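Note that the structure is a prediction, hence the values are computed from the model and not measured. Every chain is numbered from 1 and lettered A, B, ... according to where its sequence line falls, protein lines coming before strand lines.
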Protein chains: 2
Amino acid sequence: MLSQLLRSRPTTRTRLAADTGISSATVSRAVEHLIGSGVIREGGEIVAGTRGRRAVTLDLDGSRGVVVGIDLGASNTRMIVADLVATPLASVELPTPSELGAVELAEALVHTARRLCGDRWDLLQSVCVGLPGAVRANGPSVTNANNLAQVEDPRLLETLRARFATHVQLVNDADLALLGEQRFGAATGAPTAAILTFGTGLGAGIARDGVLVQGRHGIVGEFGQLPVGPLGTRLEHMVTGPGILRRAAESGVTMTSPADLFVTEPEAALAAMRNQFDTALVIALTAITVACEPDVLVLGGGLAPSLEPDLERYRDAIELHVHYAPRLALAELGAHSGAAGAVVVALTDCYRRLGVADDALGDAPVGALLDLDRVKAVAVPDRP
Amino acid sequence: MLSQLLRSRPTTRTRLAADTGISSATVSRAVEHLIGSGVIREGGEIVAGTRGRRAVTLDLDGSRGVVVGIDLGASNTRMIVADLVATPLASVELPTPSELGAVELAEALVHTARRLCGDRWDLLQSVCVGLPGAVRANGPSVTNANNLAQVEDPRLLETLRARFATHVQLVNDADLALLGEQRFGAATGAPTAAILTFGTGLGAGIARDGVLVQGRHGIVGEFGQLPVGPLGTRLEHMVTGPGILRRAAESGVTMTSPADLFVTEPEAALAAMRNQFDTALVIALTAITVACEPDVLVLGGGLAPSLEPDLERYRDAIELHVHYAPRLALAELGAHSGAAGAVVVALTDCYRRLGVADDALGDAPVGALLDLDRVKAVAVPDRP
DNA sequence: TGACTTTGAGTGCATGATGAAATCAAATAG
DNA sequence: CTATTTGATTTCATCATGCACTCAAAGTCA
């Protein structure tokens, strides 16, 4: 019932009846009940040019609660506060206080969230935090967080839960970025999609039928660990910044930034390195393709924009190997995809508690597009 | 309702009521209806030593229909006829008539099935055929069937459907082998599992939460196509029979069978080849692990038994790379896993039509274990 | 052996959800 | 201003459900 409302929001009683196959009588009664309990709200009437009585639009009452989405990156942290229909209310971007321990870090996050929420703090329904590590289902606990070790400390989650006093979920940051792009960015309309992020390490996320594929040990998507290079070099070291720079140094190539690899007319030594990069990248892309056959494969992270001119070439290479290639696309939300994805997860949590059927939770638009301009518009200064 | 019956078959009215939370009154009424329509049957009473009236056991009436599972391999074809509770009724193994065209091949299969079914032919409810190729969801059509090209001809499916006059499904053979092992073999109790089969080519199948992961283009699991070797050699060529023999010939190593690679004390040249094999295999295993994080990874196909002494070593290698490794297990059903999986798919199709909820279809035991001895016991000669 | 206890299965009745059809409401077309 | 169209609500009959009770069939114990 609510499920269909989410799918085609905003809608009307008549459309709900038609879409669900439930009789209009029952729909009316159910809607009456939902309005009574404050979940749904009647909106303005449609200005339709047709004859007959005008339908009353129905929508979730977004103002009944807020959620917080946090992307806790190795260097920067982004946070978005949104209402229950995904309207961004406030956002902030600040350097991650990586010098802090787990408890202090958690308290700093809560403090910032409190500032962003303002007088809506009491309406907080759910919080999701993305972090650069593997999230195991037991607890959950975090492992493999090489770039921000303190998030492996279980007291981080304990403190967050205690101070936020609501549901708090931890999720891998690449998974969140994928969710963000799926709902608001490059992978909209692609229920099965994957992402590959070139950050400090190589991250990947997979979603099938609108649901994240998250193993119990959180290692789904760790394609960076594949020992595909000569001497068992990990794939990760061949396509991410630090690895590229190290390999350049070993080969005696001067390189100030990994982006140098993508100049249009490279010298021989650089071209050889670029070749190795391409080979490794195609392996990663092919591996993801055969792992889940995504409709769209999103490329994100700092290096991704440099790859734009060659997307078609990569796509052809994949197709050559497996006779199919997903659409390759650059991340559209950029640095905000993680926090946007965190908002999606937090909203999904809210919707589940409202009784929305599981199969509808993964469905395409949770609501208004979370548009970037608006996120920026509601940005507040780092320190008050 | 039926769903729970499948989960704990055979059961009683009282247990059904307890398990589902539905009142015993409703359960009684529903069971009455199901018995009336012939789906369910009352069995012998439980001999329980407890006081009180004895419960009447309920079970699916398996004799109301039969299904046919076919594994159409490049060299051999296996077929199992089973009743609706997965009791094997007849089986046969015969060389694949690969010289035939698509239509003739289909008719030969139907002919054999007819012979196996005997007077139960009219009870045929569903047929599933496994074949060595990628099955696309549109149609479905078949691609990448290098080892049995005629199955790509759409007339194969047309003819099968026309002659069988029931539902006929085509599924990738590795996927079926996985299903077979999941229900009856090495991966029982592991709802998310994967298989890697070393046949003429390298096949793989993935199931998550008891459901096969089948992309629309059927290329999920094509890890054999990863270009991980030197000069872009495909993974497949480094771990399967033909590739091994060719590489041996190139290196000047005499090898009569790929199994020679696994002798205990190899010469230097052979050891080097074995090393390459191991490296490639670990890449494949790691790729599957990060693709879906299976609880069990089953190894099947002709070469699999040779790997037994080294399973622990491979497992350690995976764990080294991604800090988690699935249990590695050899296929238990051997050559029968594909046909057994085909029976599972055909049964699932029947159950779905009976109205069993989707989430119960993937649940562990569809019924009596399809035990191998019994399959062999009901084997009929190749030609009558 | 026969009354009692225990457990399973079926039945009467009240309840509540549902949908078809009728009714009320609000708009436009002519 | 009336007819028509479309949306929302109400009426009423139907049906599935669960509670409580009864019937059935077994063992227990005096």
Side-chain angles (χ1 to χ4, degrees), chain A residues 1-61 353-360, chain B residues 1-61 351-360:
Chain A
M1 181 71 244
L2 263 177
S3 315
Q4 187 60 42
L5 175 73
L6 272 181
R7 266 193 277 261
S8 51
R9 193 179 71 75
T11 184
T12 69
R13 291 174 176 81
T14 312
R15 285 230 307 271
L16 273 180
D19 293 345
T20 58
I22 299 172
S23 75
S24 65
T26 307
V27 169
S28 261
R29 280 185 286 246
V31 165
E32 185 185 18
H33 179 254
L34 287 172
I35 290 179
S37 59
V39 179
I40 279 183
R41 208 180 35 182
E42 292 194 334
E45 303 186 355
I46 291 181
V47 284
T50 72
R51 297 171 62 150
R53 178 175 174 177
R54 285 169 183 168
V56 180
T57 59
L58 301 170
D59 204 345
L60 279 187
D61 185 353
R353 276 187 281 163
L354 284 178
V356 174
D358 275 12
D359 56 355
Chain B
M1 182 70 245
L2 263 175
S3 315
Q4 186 61 41
L5 176 73
L6 271 181
R7 267 193 277 263
S8 51
R9 195 178 68 75
T11 184
T12 69
R13 291 173 175 82
T14 312
R15 285 231 306 271
L16 274 180
D19 292 345
T20 58
I22 299 174
S23 76
S24 67
T26 307
V27 169
S28 262
R29 281 185 282 246
V31 165
E32 185 184 18
H33 180 255
L34 287 172
I35 289 180
S37 59
V39 179
I40 279 184
R41 206 181 36 183
E42 292 194 333
E45 304 186 353
I46 290 180
V47 284
T50 72
R51 298 172 60 150
R53 179 174 173 177
R54 284 168 184 168
V56 179
T57 58
L58 301 170
D59 203 345
L60 278 186
D61 185 354
Y351 295 157
R352 177 178 292 117
R353 276 186 282 163
L354 284 178
V356 175
D358 275 13
D359 58 353

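Residues A:Thr12 and A:Ala55 share a closest heavy-atom pair of CG2-CB, 3.6 Å.
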Side chains of residues 32-42 of chain A: which donor-acceptor pairs under 3.5 Å do they make with residues two or more places apart or in other chains?
residue: A:Ser37; atom: OG; partner: A:His33; partner atom: O; Å: 3.3
residue: A:Ser37; atom: OG; partner: A:Leu34; partner atom: O; Å: 3.1
residue: A:Glu42; atom: OE2; partner: A:Arg13; partner atom: NH1; Å: 3.3
residue: A:Glu42; atom: OE2; partner: A:Arg13; partner atom: NH2; Å: 2.8

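Remark: A:Thr12 is not in phosphate contact with D:dG7, judged by side-chain N or O atoms under 4.0 Å from OP1 or OP2.
Qualifying side chain to side chain contact (heavy atoms under 4.5 Å, CB included) partners for A:Arg29, counting only residues two or more places apart in sequence or in other chains: A:Ala25, A:Thr26. Listed by chain and number, the residues in a side chain to side chain donor-acceptor pair (under 3.5 Å) with A:Arg51 amount to none (sequence neighbours excluded). Scanning for salt bridge (Lys or Arg N to Asp or Glu O under 4.0 Å) contacts around B:Asp59 gives B:Arg9, with sequence neighbours left out. Taking B:Arg53 as the reference, nothing meets the salt bridge (Lys or Arg N to Asp or Glu O under 4.0 Å) condition, with sequence neighbours excluded. B:Arg353 is linked by a side chain to side chain donor-acceptor pair (under 3.5 Å) to B:Asp349, counting only residues two or more places apart in sequence or in another chain.
Within the 4.5 Å cutoff, side-chain heavy atoms of B:Leu58 are placed close to those of B:Val31.
Within the 4.0 angstrom heavy-atom criterion, base atoms lie near A:Ser28.
Rounding to whole angstrom units, CZ of residue A:Arg15 and P of D:dT6 are separated by 16 Å. Between A:Arg13 atom CZ and C:dA26 atom P there is a gap of 13 Å when expressed in whole angstrom units. Note: CZ (A:Arg54) to P (D:dG7) measures 12 Å, nearest angstrom. In this structure, the CD atom of B:Glu42 is 13 Å from the P atom of D:dA25, given to the nearest Å. Between A:Leu16 atom CG and D:dT6 atom P there is a gap of 19 Å when expressed in whole angstrom units. Summarising the geometry, the separation between CD1 on B:Ile40 and P on C:dA9 is reported as 13 Å, rounded to the nearest angstrom. Nucleotide D:dT9 holds its C1' atom 18 Å from the NE2 atom of A:His33, rounded to whole Å.
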Contact string for nucleotides 1-6 of chain C, one letter per nucleotide 5' to 3', B = base within protein heavy-atom range under 4.0 Å, S = sugar-phosphate only, - = neither, reads ----BB
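Separation of atoms OG (A:Ser28) and CD1 (A:Ile22) is listed at 12.0 Å; rounding is to 0.5 Å.
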Provide a list of protein-nucleic acid N or O atom pairs under 3.5 angstrom, restricted to nucleotides 19-21 of chain C.
residue: C:dG19; atom: OP2; partner: A:Ser23; partner atom: N; Å: 3.2
residue: C:dG19; atom: OP2; partner: A:Ser23; partner atom: OG; Å: 3.0
residue: C:dG19; atom: OP2; partner: A:Thr26; partner atom: OG1; Å: 2.7
residue: C:dG19; atom: N7; partner: A:Arg29; partner atom: NH2; Å: 3.0
residue: C:dG19; atom: O6; partner: A:Arg29; partner atom: NH2; Å: 3.3

